[in-house]
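This is a predicted model, so every value here is computed, not measured. The first residue of the sequence shown is numbered 1, and numbering continues consecutively from there.
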Amino acid sequence: MIYVDADACPVKPEIIKVAERHALPVTFVANSGLRPSRDPMIKNVIVSGAFDAADDWIAERAASGDIVVTADVPLAERCVSTGALVTGPTGRLFDTANIGMARAMRDLGQHLRETGESKGYNAAFTPRDRSAFLQTMERLCRQAKSIKTSDTDQT
């Protein structure tokens, strides 16, 4: 299963493309409307407008071997702890080796923005980011399928 924190996700078409190639179901989760799909492998979930409602929905369901796409570091941290494979839309991987530092840097950045020390501008999303995401997503889909296969073999 692929879970996508879909609000403002710039790589939805790329996710669908890679998921179709690997026959993996995708669930887009958002606080607002999503473009409907006729593909039975794609599910759209609209959650309440409550703060972190989409994050909570994904974190409650993501399990070992599932893929989560999010730019939200706290959500990434929650999903990594369940064994999910997590990437950001730029292809940045979040795992047990780097999630602590990613969270610390996110918290520092938030503190600097709140104190006015930093304006907090995000870099523009580039074609290089899209390419890196596609490579990461392809690798994660293969990894997820091997995890699910080994889980099935052990039962």
S.K.: Find the distance between CE (M137) and CD (E14) and round it off to the nearest 0.5 Å.
M.R.: 10.5 Å
S.K.: Is there side-chain contact between R61 and T27, with heavy atoms separated by less than 4.5 Å?
M.R.: no
S.K.: Do F94 and V68 have side chains that get closer than 4.5 Å, going by heavy atoms?
M.R.: no
S.K.: Please tabulate, one pair per line, all N/O donor-acceptor pairs under 3.5 Å involving side-chain atoms of residues 40-48, not counting sequence neighbours.
M.R.:
unit_1, atom_1, unit_2, atom_2, d
N44, ND2, R35, O, 3.1
S48, OG, A50, N, 3.2

S.K.: Could I get the full list of side-chain contact (heavy atoms from CB on, under 4.5 Å) partners for A71, not counting sequence neighbours?
M.R.: P89
S.K.: For A19 and I2, which heavy atoms make the closest approach, and how far apart are they?
M.R.: CB-CD1, 3.7 Å
S.K.: Looking at CD1 of I15 and OH of Y3, how far apart are the two atoms once the value is rounded to the nearest 0.5 Å?
M.R.: 14.0 Å
S.K.: Check whether any side-chain N or O of D7 sits under 3.5 Å from a backbone N or O of N31 as a donor-acceptor pair, and report yes or no.
M.R.: yes
S.K.: With a 4.5 Å heavy-atom cut-off, do L24 and C141 have their side chains touching?
M.R.: yes
S.K.: Hey, which of L85, V18, V69, L93 is the one that makes side-chain contact (heavy atoms from CB on, under 4.5 Å) with T136?
M.R.: L93
S.K.: Minimum heavy-atom separation for Q143 to S146, with atom names?
M.R.: O-OG, 2.8 Å
S.K.: Rounded to the nearest 0.5 Å, how far does CZ of R142 lie from CZ of R139?
M.R.: 8.0 Å
S.K.: Indicate the atoms forming the closest heavy-atom contact of I58 with C79, along with that distance.
M.R.: CG2-SG, 4.1 Å
S.K.: Drop me the distance from I147's CD1 to L140's CG, to the nearest 0.5 angstrom.
M.R.: 9.0 Å
S.K.: Mind checking the CG-CG spacing from D5 to D72? Nearest 0.5 Å is all I need.
M.R.: 6.0 Å
S.K.: Enter the distance from E60:CD to R78:CZ here, rounded to the nearest 0.5 Å.
M.R.: 7.0 Å
S.K.: Tell me the closest heavy-atom pair linking A62 and T82, and the distance in Å.
M.R.: O-OG1, 3.2 Å
S.K.: Enumerate the residue pairs fulfilling side chain to side chain donor-acceptor pair (under 3.5 Å) with a member in residues 85-98, sequence neighbours excluded, ordered by first and then second residue.
M.R.: none
